[in-house]
2 protein chains.
Amino acid sequence: MKKVKRTTIYDIAAKLGITASSVSRALNNSSQVNEKTRELIIKTADELNYKRNTLASNLRKGHSKTIGVVVPRINQNFFSNVIAGIEETTYQKGYNLIICQSGEVHDKEIQCVNTLINQHVDCIVISVSADSYDYQHLQNVLDHGIQLIQFDRVAEELETLKVINDNEQASFEAVSHLIENGYKRIALLEGPQNLNIFRQRKNGYLRALETHKVKVIDELVVENAWTKELGAEATRKLLNLPHPPDAIFASTSDFSALGVLEVANVMNIKVPSELGICGYSNEAFTEITSPSITTIDQFSVYMGKTIGNLFFQEIANVEVSVKPKIISIKPELIIRGSTKKNSSL
Amino acid sequence: MKKVKRTTIYDIAAKLGITASSVSRALNNSSQVNEKTRELIIKTADELNYKRNTLASNLRKGHSKTIGVVVPRINQNFFSNVIAGIEETTYQKGYNLIICQSGEVHDKEIQCVNTLINQHVDCIVISVSADSYDYQHLQNVLDHGIQLIQFDRVAEELETLKVINDNEQASFEAVSHLIENGYKRIALLEGPQNLNIFRQRKNGYLRALETHKVKVIDELVVENAWTKELGAEATRKLLNLPHPPDAIFASTSDFSALGVLEVANVMNIKVPSELGICGYSNEAFTEITSPSITTIDQFSVYMGKTIGNLFFQEIANVEVSVKPKIISIKPELIIRGSTKKNSSL
DNA sequence: CTGAAAGCGCTTACAG
DNA sequence: CTGAAAGCGCTTACAG
């Protein structure tokens with residue numbers, strides 16, 4: 001690739017025998033420039049194939065018109081949907097997205113955040129990684145005067161903008177649904193409890209049991225079963241218990257629920273009559289397993305749009321924003337075959 | 001969000017009574033700076049919570065250490081996997097990714113590309129949108145001296161770096177597999193033929209038929225059936241033909257194949273005994289439908305890594321690079337239940 | 001090893 | 001409406 005000298009506003013100015021100031025003004029739709037000169041400038045810019053150097057422009061203007069996004073994994077349905085949603089709302093306002101993935105590793109997350117601070121992004125949108133134990137790096141973002149929006153997995157103690165799901169309520173509804181459908185011994189597959197979302201989901205489970213006067217059975221609550229493999233492993237143990245559960249709420253993910261379903265199939269346990277299954281996230285595949293899996297839709301693309309809009313709202317009224325603003329999106333329980341104990345399907 | 005004055009190298013210099021030059025050198029690990037001063041500078045930078053302004057640094061150095069990526073949709077498995085792969089290789093070399101989605105719309109694609117040129121990215125990685133009809137905007141990238149890497153869906157006539165799948169061969173193998181398993185009337189669901197990938201897949205289909213001396217039946221080749229809905233629609237028509245096919249190769253995607261499977265189920269046509277189905281992409285769900293769907297794995301994360309590595313290879317030897325370089329990745333046929341006509345499963 | 005100065009490409013208050 | 005000048009925050013050849 002040969003080094004190409006790009007045309008600058010000086011080149012255009014020189015060609016027309018005017019100054020760069022005028023060129024800049026014309027190109028920025030400033031009102032204080034003669035209509036004739038403007039046209040001439042735009043025409044010349046076009047001829048010379050001029051492209052503004054956004055770097056220089058942003059440096060001068062003191063912002064980058066860039067939003068940094070940090071997620072555990074780009075190629076995970078929920079996150080890629082949120083990103084798509086953010087992109088949709090921010091792109092049309094001329095903002096660019098810089099995307100980083102932390103890979104669920106705290107140290108890489110810190111690195112990502114620092115890179116974004118260096119880039120002088122106007123806003124950092126983040127969903128923290130599973131092994132995050134300290135939030136100094138996020139505090140640092142705030143200290144640099146950068147807008148910070150946490151979503152889904154958030155550090156609750158940090159006073160920032162947050163866009164979250166009402167996980168507790170969604171969980172409550174899912175477990176209530178199981179109880180109301182006649183399931184009596186409902187197991188919970190839980191995720192890392194240092195993440196708010198998994199704590200909330202557990203709380204929803206507990207509240208549902210309490211509300212319906214079902215007592216909690218400790219051996220039916222399994223820690224850290226948040227992948228398909230771990231879900232399957234947990235299920236094997238659960239189903240081999242002297243008193244096995246008759247329903248499993250895979251609160252961590254649909255992948256985990258899938259693990260449950262596969263083990264049930266292998267062990268020849270009928271779903272939903274002998275075992276009810278409920279997942280979380282409404283992954284595409286939950287609709288097409290047999291039976292299809294009851295799950296919870298998080299409206300991830302919508303969540304992304306909400307994040308984008310929240311950002312623009314904030315920069316619109318810089319003064320007002322004092323206290324942390326939290327937007328909670330209500331997920332929706334999607335009832336499918338895997339929990340229809342009493343129906344004929 | 002209050003406006004925060006960030007600390008610059010001048011602040012550090014002032015505090016230590018030296019010049020910004022030395023601070024810059026110290027922070028860039030230049031050898032020409034006293035070890036003692038360096039330590040002092042680094043310590044002070046830390047105390048003042050200094051973060052380099054990458055914008056300014058890049059402007060001065062004439063590059064952005066940023067790679068732009070344009071894909072039709074971020075939240076499509078194949079693309080999000082490729083992006084994840086690119087990110088993995090480029091991040092560790094200090095490059096950032098700016099991601100845009102064209103939404104399969106030519107005009108937005110042009111806009112995205114222009115934005116990236118404005119951003120002075122060092123490289124643009126793109127998979128063109130389905131309705132692209134002209135490639136002036138890509139030529140423009142080259143004209144600006146920006147590295148251009150096309151992947152998967154490429155404008156073949158443009159001489160750029162390309163990372164592609166050997167779609168023709170993969171298709172050939174898939175259709176050969178169907179023929180060898182006893183299927184006789186194999187339908188093809190094809191995608192927009194202005195995209196190279198779909199042309200190649202069709203060619204593979206045709207070559208397989210020819211090689212096995214099966215003649216092409218025009219009514220079994222359906223145009224533009226590349227979503228689940230369109231796949232389903234095409235299938236309804238095909239199966240209602242006087243001489244319906246006994247296998248359908250959904251060359252466009254697994255979603256399309258899923259549409260086929262669902263229609264077959266509704267019409268009570270047995271898969272794989274009465275109808276064989278082969279998809280494309282190895283989406284997660286293909287493994288768990290019943291029967292599971294035979295498909296083609298494109299190694300999408302690997303593809304992303306390949307793209308990243310190709311870029312670094314190119315910038316490593318700027319001089320050498322003359323002719324276009326094409327890296328072709330061989331996809332793998334994954335045989336599953338949906339095409340096992342003769343076995344008992 | 002350190003400093004003074006120029007410059008990356010833009011924008012914008014200040015004059016006129 | 002246009003120009004001259006300063007400055008965004010860095011880096012780097014040039015002196016010493």
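Within every chain, numbering begins at 1; the chains are lettered A, B, ... in the order of the sequence lines, protein sequences first and strands thereafter.
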Could you go over nucleotides 6-8 of chain C and give all protein N or O partners under 3.5 Å, atom names and distances?
unit_1 : atom_1 : unit_2   : atom_2 : d
dG7(C) : N2     : Arg60(B) : NH1    : 3.4
dC8(C) : O2     : Arg60(B) : N      : 3.3

Spacing of Asn118(A) atom CG relative to dC10(D) atom P, expressed in whole Å: 10 Å
Nucleotide dG9(C), atom C1' - distance to OH of Tyr50(A) in whole Å: 8 Å
Atom CD1 of Ile9(B) and atom C1' of dG3(C): how far apart are they, to the nearest Å? 13 Å
For DNA chain D, report each stem as range with range, ordered by first number, or say none. Use Watson-Crick or G-U wobble pairs under 3.5 Å, at least 3 in a row. C:1-3 with D:14-16, C:5-12 with D:5-12, C:14-16 with D:1-3
Relative to the ring of Phe79(B), is the ring of Phe151(B) parallel (under 30°), tilted (30 to 60°) or perpendicular (over 60°)? perpendicular
Pairs involving residues 112-133 of chain A, ordered by first then second residue, that meet ring pair (Phe, Tyr, Trp, His ring centres under 6.0 Å) (sequence neighbours left out): His106(A)-Tyr133(A)
In this structure, how many angstroms lie between the P atom of dG9(C) and the NE2 atom of His63(B), rounded? 14 Å
How many whole angstroms separate atom CG of Asn34(B) from atom C1' of dT2(C)? 10 Å
Do any pairs count as a salt bridge (Lys or Arg N to Asp or Glu O under 4.0 Å) and have a residue in residues 302-311 of chain B, sequence neighbours left out, and if so which ones? Glu88(B)-Lys305(B)
Scan residues 18-26 of chain A against DNA chain C and write down, sorted by residue number, each residue with any heavy atom closer than 4.0 Å; if none is found, say none. Ser21(A), Ser24(A), Arg25(A)
Please list all pairs passing the salt bridge (Lys or Arg N to Asp or Glu O under 4.0 Å) test where one or both residues lie in residues 127-136 of chain A, with sequence neighbours left out. none
Here the distance between atom C1' of dT2(C) and atom CG of Leu40(B), to the nearest Å, is 15 Å
